[in-house]
Q: 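Below you will find the structure I want to go over with you.
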Amino acid sequence: MKSSYLSVVILSLMAPVGGTVVHAQDGCSGSATVGSGGSGATENTSASTLGTGGSCATEDGHSSTVGSGGSAAAVDGKVDSDTKVNANENNLNAKSTASAKEGGEWSRSKTQTKVRQGEDLSTRTKTMSHVPGSKPEKSTTAVQSQTQ
């Protein structure tokens, strides 16, 4: 159940992180996990987010988890990051956003993760970066799974 990645971002290149789905945890009659993340960057800005979710069906019911986070950096510009988690007895939802701006350069990343207990899991990361005089670089990574 290990997923790892390494991303190196220079100038206006973006390095999206692939998603993973893992099944069959000990003690679970049905389980699944999902995860995605990504980074957008320019020479002076960077923004990254990630999200993970998991669900496990046991004899006593379901257990679910969700995690999300993000960060942004700029040499001398403005940065912002935010993570929100909403939960009720059937659903877990997490959303992280990060953005950085310096002059005309900017980077953004957004990850949204949903866990519907006993049904499906999904996560999607969208990243963008822009340098004046060029087209914005965009990337989307999405992963979906059903509890088995």
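Remember, predicted model here, so these are calculated numbers, not experimental data. Below, all heavy atoms of this structure are taken into account, side chains as well, without hydrogens, waters or symmetry copies.
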Q: Is it true that a side-chain atom of Q144 and a backbone atom of D120 form a donor plus acceptor pair closer than 3.5 Å?
A: no
Q: Just jot down the side chain to side chain donor-acceptor pair (under 3.5 Å) partners of T111, sequence neighbours excluded, or say none.
A: T49, T125
Q: Same hydrophobic cluster for V85 and V115, using side-chain heavy-atom links shorter than 4.5 Å among ILVMFWY?
A: yes
Q: Of all heavy-atom pairs between S48 and A98, which one has the smallest distance, and what is that distance?
A: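 The pair with the smallest heavy-atom distance is O-CB, 3.8 Å.
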Q: Compare every heavy atom of V143 with every heavy atom of G35, then report the nearest pair and how far apart it is.
A: O-CG2, 3.9 Å
Q: Can you name the nearest heavy-atom pair linking A47 to S109, along with the distance?
A: O-CB, 3.7 Å
Q: Taking all non-hydrogen atoms of both residues, which atom of A100 and which atom of T45 are closest, and how far apart?
A: CB-CB, 3.8 Å
Q: As an exercise, state the distance from OG of S64 to NZ of K114, rounded to the nearest 0.5 Å.
A: 15.0 Å
Q: For a quick test of reading the model, state the closest non-hydrogen atom pair linking T42 to S129 and the distance between them.
A: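 Shortest heavy-atom contact: CG2-CB, 4.1 Å.
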Q: When rounded to the nearest 0.5 angstrom, what distance separates CZ in R108 from OG1 in T97?
A: 10.5 Å
Q: Are E43 and V131 close enough that some pair of their side-chain heavy atoms sits under 4.5 Å apart?
A: no
Q: Taking all heavy atoms of V79 and all of A74, pick out the closest pair and write down the distance.
A: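 In terms of heavy atoms, the two residues are closest at CG1-N, 3.6 Å.
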Q: According to the side chain to side chain donor-acceptor pair (under 3.5 Å) rule, which pairs have a member within residues 79-88, sequence neighbours left out?
A: T83-S96
Q: About how many Å separate NZ of K110 and NZ of K95, when rounded to the nearest 0.5 Å?
A: 5.0 Å
Q: For residues 78-108, which residue pairs qualify under ring-ring contact (aromatic ring centres under 6.0 Å, His included), counting only residues two or more places apart or in two chains?
A: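 Non-adjacent pairs meeting ring-ring contact (aromatic ring centres under 6.0 Å, His included): W106-H130.
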Q: Side-chain contact, heavy-atom cut-off 4.5 Å: T140 with R124?
A: yes
Q: Show me the pairs that pass ring-ring contact (aromatic ring centres under 6.0 Å, His included) and involve residues 28-48, at least two apart or across chains.
A: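 Applying ring-ring contact (aromatic ring centres under 6.0 Å, His included) to every pair that reaches into residues 28-48, excluding sequence neighbours, yields nothing.
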Q: What residues, two or more places apart in sequence or in another chain, satisfy side chain to side chain donor-acceptor pair (under 3.5 Å) together with Q112?
A: none
Q: How many angstroms lie between atom OG of S107 and atom CE of M128, to the nearest 0.5 angstrom?
A: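 Answer rounded to 0.5 Å: 10.0 Å.
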Q: Sequence neighbours left out, what passes side chain to side chain contact (heavy atoms under 4.5 Å, CB included) with A73? Give chain and number order.
A: none
Q: Find the distance between OG1 (T141) and CG (L50) and round it off to the nearest 0.5 Å.
A: 12.0 Å
